[in-house]
Amino acid sequence: MASAERQAVELSGVPETLLWNLDHRAYEARQARPVLDDPKAVELIERIDYPFEETFGPPDPLLAQGQALRARTFDDAVRDFLGKHPEGTVVALAEGLETQFWRVDNGRAHCPGGTRSTPPTACWSPLRDC
């Protein structure tokens, strides 16, 4: 992806740690046999202009897989709910840079008003226009 297409990120403190989670989910999703299929995380990492490795170090395969398994556990619960209530309402509170919607969307569920993140994450998010 050309650098002109990348979006700069200016987060610090706790909100900046959301980028670590996103980076580790994308790392796991790129593996030959990932425990979590997360193409949106991969896409976002490619769109974000941020020094991931310089800030967080290289992704740790075991931590990345653990992060992905955690996300998959929540995905399974949401899929189970949507299986029983296909047109149910799913409210995501303070999800930050989570890409769960794209992993579990059944095309019929309701997500009222998008996500509910707290500033400054809500002010900057590549998910706004996805």
Side-chain angles (χ1 to χ4, degrees):
M1 177 174 288
S3 61
E5 297 174 5
R6 296 177 65 115
Q7 184 174 349
V9 175
E10 293 184 24
L11 294 174
S12 61
V14 173
E16 188 173 27
T17 65
L18 299 170
L19 295 168
W20 182 92
N21 292 330
L22 179 65
D23 187 39
H24 277 70
R25 284 196 321 274
Y27 176 85
E28 175 61 22
R30 289 182 179 124
Q31 300 309 302
R33 294 181 58 203
V35 298
L36 182 72
D37 183 30
D38 198 345
K40 182 58 76 174
V42 173
E43 174 192 332
L44 291 174
I45 289 296
E46 292 172 354
R47 288 176 48 193
I48 295 172
D49 183 14
Y50 182 82
F52 289 96
E53 195 160 322
E54 292 83 3
T55 303
F56 304 122
D60 180 293
L62 186 58
L63 291 176
Q65 190 174 69
Q67 178 68 19
L69 286 168
R70 178 184 182 278
R72 190 175 83 184
T73 299
F74 286 102
D75 289 358
D76 290 347
V78 172
R79 282 191 192 102
D80 182 56
F81 170 78
L82 291 175
K84 295 173 184 169
H85 311 281
E87 296 182 13
T89 299
V90 178
V91 178
L93 300 173
E95 72 172 349
L97 300 176
E98 179 57 59
T99 53
Q100 182 181 54
F101 173 81
W102 289 271
R103 294 191 307 266
V104 301
D105 181 25
N106 67 359
R108 296 169 56 194
H110 304 278
C111 184
T115 64
R116 305 285 188 239
S117 292
T118 56
T121 310
C123 299
W124 176 90
S125 176
L127 298 177
R128 284 185 310 204
D129 55 62
C130 294

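Every value quoted in this text rests on a predicted model; they were computed, and no experiment measured them.
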My understanding is that only residues two or more places apart in sequence, or in another chain, count here; which of them pass salt bridge (Lys or Arg N to Asp or Glu O under 4.0 Å) with Arg70? none
Taken in chain and number order and not counting sequence neighbours, the residues that satisfy salt bridge (Lys or Arg N to Asp or Glu O under 4.0 Å) with Glu87 are Arg108
Of all residues at least two apart in sequence or in a different chain, which pass the side chain to side chain contact (heavy atoms under 4.5 Å, CB included) check with Pro51? Glu54, Thr55
Find the distance between CG (Leu97) and CG (Leu19) and round it off to the nearest 0.5 Å. 5.5 Å
Flag yes if Leu44 and Leu11 sit in one hydrophobic cluster, no otherwise; membership is Ile, Leu, Val, Met, Phe, Trp, Tyr, and two members link when side-chain heavy atoms are under 4.5 Å apart. yes
Can you list the residues that meet the side chain to side chain contact (heavy atoms under 4.5 Å, CB included) rule with Ala41, with sequence neighbours excluded? Leu22, Arg25, Ala26, Asp38, Thr99
Any side-chain heavy atom of Val90 sitting closer than 4.5 Å to one from Leu82? yes
Under the 3.5 angstrom rule, does the side chain of Asn106 hit a backbone N or O of Pro86 as a donor-acceptor pair? yes
Nearest heavy atoms of Asp37 and Arg103, plus distance in Å: O-CD, 3.4 Å
Just verifying a value: how many Å separate Arg79 CZ and Lys84 NZ, rounded to the nearest 0.5 Å? 15.0 Å
Assigning hydrophobic clusters by single linkage (Ile, Leu, Val, Met, Phe, Trp, Tyr; side-chain heavy-atom cutoff under 4.5 Å), is Phe56 placed with Leu63? yes
Connected via hydrophobic side-chain network under 4.5 Å: Leu18 and Val9: yes
Residues two or more places apart in sequence or in another chain: which of them pass ring-ring contact (aromatic ring centres under 6.0 Å, His included) with Phe81? His85
Within the structure provided, determine whether Trp20 and Gln67 are in side-chain contact (heavy-atom separation under 4.5 Å). yes
According to the interplanar angle, ranging from 0 to 90°, do the rings of Tyr50 and Phe52 count as parallel (below 30°), tilted (30 to 60°) or perpendicular (above 60°)? perpendicular
Rounding to 0.5 Å, atoms CG (Leu69) and OG1 (Thr73) come to a distance of 6.5 Å
For Arg6 and Ile48, indicate whether the former's side chain and the latter's backbone hold a donor-acceptor pair under 3.5 Å. yes
When you measure from the side chain of Glu28 to the backbone N and O of His24, does any donor-acceptor pair fall under 3.5 Å? no
Any salt bridge linking Arg72 with Asp75? Criterion: basic side-chain nitrogen under 4.0 Å from a carboxylate oxygen. no
Taking side chain to side chain contact (heavy atoms under 4.5 Å, CB included) as the definition, give me every residue that meets it alongside Asp105, ordered by chain and number, with sequence neighbours left out. Phe101
